[in-house]
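Below is one structure, written out as structure tokens; comments come after it.
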Number of protein chains: 2
Amino acid sequence: MSDFTRPGGTRAIARDAVRARISEVAVDLFDEHGFDNVTVEQIAAAVGVSPRSVHRYFPAKEDTVIGDPAGWGEHVRDQLVARPSDEPIWDALLASYEALLATPGRNETQGKKAMRVLGTTPALRARNLEKHLLWARMLTPVVTERLDGDDRTLRAETIVQASLACFDIALTTWAEANSSDSALELLRRSFGALQPTA
Amino acid sequence: MSDFTRPGGTRAIARDAVRARISEVAVDLFDEHGFDNVTVEQIAAAVGVSPRSVHRYFPAKEDTVIGDPAGWGEHVRDQLVARPSDEPIWDALLASYEALLATPGRNETQGKKAMRVLGTTPALRARNLEKHLLWARMLTPVVTERLDGDDRTLRAETIVQASLACFDIALTTWAEANSSDSALELLRRSFGALQPTA
DNA sequence: GCCAAAAGTGGCAGAGACTGACAGATTAGA
DNA sequence: TCTAATCTGTCAGTCTCTGCCACTTTTGGC
């Protein structure tokens, strides 16, 4: 086993499992009663842990829905770095987001429910936007390097934020019940709306 | 004087003055000590009112910096509606934001300080982006009407959010100390970053 | 299998944001 | 001047979130 042991080991597995369980229960409760009508104490009771432990896994109540922003942000950034440098920036960004959507670890039903809850509560939307700001800080330097000419930073920030808006709109639309399109398809269309001439 | 009396009268004037005063004091304190290191109680004491009254004027502590989102959003929407219908959508949006920046009522120094504070605290940035979501809900229907073809709503949402991102980036960059460009100029450049072919 | 070190957990106390209810003060308008 | 609407402060309370300490469980070396 020792050659198999990675930083963390079984402990990390247990931790991830508890974390996922809390998130699942919380989203279910929020979906049924509304975010503001569910207390951390109730979530803790439903899971079978103390309120103190819930706050240990998630710094803020909102994070039970959002998850770990930094992790996925790094994922997108790594994808972007790996794209060929002569590829148009918008194509590279689209491909990077697509890779994130294709990640197998994501539970479709649970993810959709989380997005739905997210859309109904201002506090959650705000926290989600904070995640986007974190992503933007990671992606902007990479995009800046791909640009030429004046105002590289300003233009990079604009492009990154606009692409994140596309990503957000695609997922939000996808979470709505009547939408039969895949998130991937919606993402492509949203990107297309910013490049009418391409 | 009676012919001068508008709905609200002197009471509304006093109310607006108190509101402005609280906001001003709060921003100053945040700028000096950091948003998280200033309590509502301290703001109240500095102004000379009770903490309860601060919460009466501003539902959340963050709102002391952000101000009234709905009002300015309506302003932008009205501007947009007034634009000629054959004008390209991006030009119309740019002109609408420019009109907002040109509004005389805005205090330059205080506004810049508020934007600076806003940029240093994630919670504030997020709350500010929530304001943008409110604006988006107002602007999207107007933009949708100007579009033809498929996916009008999705495309309208994308365009509106992207333009709001430009607006945010322009103001944030403008608030940074080393920037000598006007907010208007930055806004134009940010818009330009999304239309390389135009 | 045993034992120290590390990590996880729960309970407690407390700060801080925010809300509802009530009573007193202030002001607008008849 | 008088009445009614409005404003304000005080109080009590809920909820989120954090540090602290004691206790239990797990890990890794012997």
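Naming: A, B, ... by sequence-line order, numbering from 1 per chain.
Per the geometry, NE2 belonging to B:His55 stands 18 Å off P belonging to D:dC11, to the nearest Å. Counting to the nearest Å, the C1' atom of C:dA7 and the CG atom of A:Asp16 are 15 Å from each other. A straight line from CD of A:Glu41 to P of C:dG11 spans 11 Å, rounded to a whole angstrom. The interatomic distance linking A:Arg56 (CZ) with D:dT25 (C1') rounds to 14 Å, in whole Å. Between the CG atom of A:Asp63 and the P atom of D:dT16 there is a distance of 14 Å, given to the nearest Å. Taking atom CD1 of A:Ile22 as the reference point, atom C1' of C:dT9 lies 12 Å away to the nearest angstrom. Rounding to whole angstrom units, CG of residue A:Asn37 and P of D:dT16 are separated by 11 Å. Residue B:Ile43 contributes atom CD1, which lies 12 Å from atom P of C:dG16 at whole-angstrom precision.
Using a 4.0 Å cut-off between charged side-chain N and carboxylate O, B:Lys113 and B:Asp28 make a salt bridge. Using a 4.0 Å cut-off between charged nitrogen and carboxylate oxygen, A:Arg125 and A:Asp168 count as a salt-bridge pair.
At least one side-chain nitrogen or oxygen of A:Tyr57 sits closer than 4.0 Å to the OP1 or OP2 atom of C:dT9. Residue B:Ser53 has a polar side-chain atom (N or O) positioned under 4.0 Å from OP1 or OP2 of D:dG9.
As judged by a 4.0 angstrom heavy-atom cut-off over every strand, A:Val54 is placed among residues making no nucleic acid contact. Using a 4.0 Å heavy-atom cutoff across all strands shown, B:Ala60 reaches sugar-phosphate atoms only and no base atom. At the heavy-atom level, A:Pro51 lies nowhere under 4.0 Å from the strands shown. Among the protein residues, A:Glu62 comes within range of the sugar-phosphate backbone only, with heavy atoms under 4.0 Å from sugar or phosphate atoms but none that close to a base.
Across C:dG10, C:dA17, D:dT8, the shortest atom-to-atom separation from the side chain of B:Thr39 is found for C:dA17. The nucleotide whose nearest atom lies closest to any side-chain atom of A:Arg11 is, among C:dG8, C:dT26, D:dT16, C:dG8.
Between the side chain of A:Arg152 and the backbone N or O of A:Thr144 there is at least one donor-acceptor pair closer than 3.5 Å. Checking side-chain atoms of A:Ser190 against main-chain N and O of A:Leu187 turns up no donor-acceptor pair under 3.5 Å.
Taking only distance into account, the side chain of A:Arg52 never meets the base of C:dG8 through a donor-acceptor pair shorter than 3.5 Å.
In the hydrophobic cluster analysis, where Ile, Leu, Val, Met, Phe, Trp and Tyr join through side-chain heavy atoms closer than 4.5 angstrom, A:Leu124 is grouped apart from B:Leu133.
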